A.B. asks: 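A single structure is presented below for examination.
Along the sequence shown, residues are numbered consecutively beginning with 1. Source: prediction; values computed, not measured. Because only heavy atoms are used, hydrogens play no part in the values below, and waters and symmetry mates are left out as well, while side chains stay in.
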Amino acid sequence: MANPHHLLNISWTSHRLSPLHHGLEHDDLLNNPVSLETYATRLRDHLTNSLADAQGWRAAEDDPTTALSAIGALQSCTWEPISSLSFLSPQGIHEDRPQDQDREPAGLLITLSYETITYRAALLARPGVQPQSQKKARKRGRPSKSSSSSTYLPLLLTRLPKSLRESFIAFLSSNFDTYVSSLRISSAGLCDILESYVASVASSTSSSTSVEDVIREMQLALSFAPPIAPSLKALTVNIPRETLMNFLRTPNSSIGSSTGAGSGSSVLSGLSKYLQKHLALELGLPLPFPTSATGGSGSLVGGYVRLTKVACAGFVATGEGRLKVVAKAGEGSEDEKNMGALKGGEALVKAILERAGSGFDREGEQG
């Protein structure tokens, strides 16, 4: 099985997938090496044929260095199950438990190796949800969709040039009868992701100083609705290391608690108070959690300001579905700082995966 550490330190583009229908000939996808080899061969043939046709590969639109002539021929295409989404256990830093081998794989890792570069894509299953649906009874006569098997891997992550990504998505649609759409993360979703990351780092480290070492400084990108601010399209807020920790140490912060709830809230509510005091700018971020120790409202007033990007030393996440988790993997990565980054990255990936599989952050969602 593929190591979950393959998901680290790569800038991914996120998409949402409907269930993959793989017919009666391959009733099991994740645990069937024969089916994985079959689809790997089909994808290799599809890419070889589609990218070498008269239309050509226009990857140079993204990056001139990724033109077909520069990267060479496709040498191999592999499909591997991903052992888990835990960056700290199976094949990870520690806790290599035998029982993990009996668990359902957490998804698929697809690797495309060209002569000069390697590209990857990952299809992930929601934790705690069986990705493999039961095979439906086959009816007499010609097989149909109702008698086929399917696997639900709602989150697709790709590290591919634009033209290659489009060809890969076309392959998924035609071979699995799946619908692929861009995963847009709303302002509320980014607030929730930030909360999950900070709370997870706090729960896995011994002090707030360790949290500071993992997050360092933070950058938030805010966008404004045209009726409110016609001349102000976006604002980038840089929170230096020392200021960030002041937000984390605010009275309503529960950093270091068993649940971690509210630790993300203290960053955003602290920032809101700071901007309102010094810039007379009232944020309207729709926080998905209480904004005061007494319960309070689930959102700050307004709604005309949207959070579109969150970036720190440990991760980057954008409203357009861009994602990167930064952490060390392998030998020499067992220090507390890196283990906090791994734990936070795991929580972040699962938070995005939950939104992809639960119907949150549909395109056009307000907030």
Side-chain angles (χ1 to χ4, degrees), residues 8-14 183-202 205 208-225 229 232-250 253 255 262-289 291 300 302 304-328 337-338 340-345 347-349 351-352 355 361 367:
L8 300 174
N9 307 311
I10 294 179
S11 296
W12 299 102
T13 300
S14 305
L183 178 61
R184 305 297 182 185
I185 305 176
S186 67
S187 183
L190 289 176
C191 292
D192 190 31
I193 289 169
L194 173 58
E195 177 197 22
S196 299
Y197 185 88
V198 175
S200 183
V201 172
T205 53
S208 59
T209 303
S210 298
V211 178
E212 179 183 1
D213 291 336
V214 173
I215 299 178
R216 298 181 189 175
E217 61 183 26
M218 185 174 292
Q219 183 183 87
L220 304 176
L222 305 173
S223 65
F224 300 84
L232 181 60
K233 302 299 182 182
L235 178 66
T236 300
V237 179
N238 292 302
I239 306 177
R241 187 170 182 154
E242 58 276 8
T243 304
L244 176 66
M245 294 314 300
N246 289 334
F247 290 160
L248 290 175
R249 296 189 184 102
T250 54
S253 171
I255 186 170
S263 55
S265 172
S266 67
V267 177
L268 295 172
S269 60
L271 174 64
S272 298
K273 294 176 182 178
Y274 181 88
L275 293 179
Q276 186 174 12
K277 177 180 179 181
H278 296 279
L279 299 180
L281 175 61
E282 190 175 80
L283 291 184
L285 297 179
L287 306 182
F289 36 77
T291 58
L300 299 179
Y304 52 86
V305 182
R306 294 192 177 189
L307 181 63
T308 58
K309 178 180 178 180
V310 180
C312 66
F315 77 93
V316 178
T318 73
E320 291 78 22
R322 298 288 181 138
L323 167 68
K324 183 176 183 179
V325 176
V326 181
K328 296 179 183 178
K337 170 186 171 182
N338 190 66
L342 289 170
K343 192 67 176 178
L348 183 143
V349 171
I352 294 179
R355 306 193 80 81
D361 294 327

A.B. asks: Atom CG in L183, atom CD in E320: separation rounded to 0.5 Å?
C.D. replies: 11.0 Å

A.B. asks: Give me the one residue out of T13, V316, I185 that meets side chain to side chain contact (heavy atoms under 4.5 Å, CB included) with R322.
C.D. replies: T13

A.B. asks: What are the two closest heavy atoms between K309 and T318, and how far apart are they?
C.D. replies: CG-CG2, 3.8 Å

A.B. asks: List the atom of S187, the atom of L307, and the distance in Å for their closest heavy-atom pair.
C.D. replies: OG-N, 2.9 Å

A.B. asks: Measure the spacing between CZ of R216 and NZ of K337 and express it to the nearest 0.5 Å.
C.D. replies: 4.0 Å

A.B. asks: Measuring only between side-chain heavy atoms, which start at C-beta, is F315 closer than 4.5 Å to L194?
C.D. replies: yes

A.B. asks: So if I apply the side chain to side chain contact (heavy atoms under 4.5 Å, CB included) rule between Y197 and each of V310, D192, V214, which one comes out positive?
C.D. replies: V214

A.B. asks: State, to 0.1 Å, how close S14 and G321 come at their nearest heavy-atom pair, and which atoms those are.
C.D. replies: OG-O, 2.7 Å

A.B. asks: So, for G319 and L190, which heavy atoms are closest and what is the spacing to 0.1 Å?
C.D. replies: N-CD1, 3.9 Å

A.B. asks: Can you tell me how far CD of E212 sits from CZ of R241, rounded to the nearest 0.5 angstrom?
C.D. replies: 4.5 Å

A.B. asks: Looking at R355 and S186, what are the two nearest heavy atoms and their distance?
C.D. replies: NH2-OG, 4.5 Å

A.B. asks: Determine whether L348 and L323 make a side-chain contact, defined as any pair of heavy atoms from C-beta on separated by less than 4.5 Å.
C.D. replies: yes

A.B. asks: Which heavy-atom pair separates L222 from T308 by the least distance, and what is that distance?
C.D. replies: N-OG1, 4.3 Å

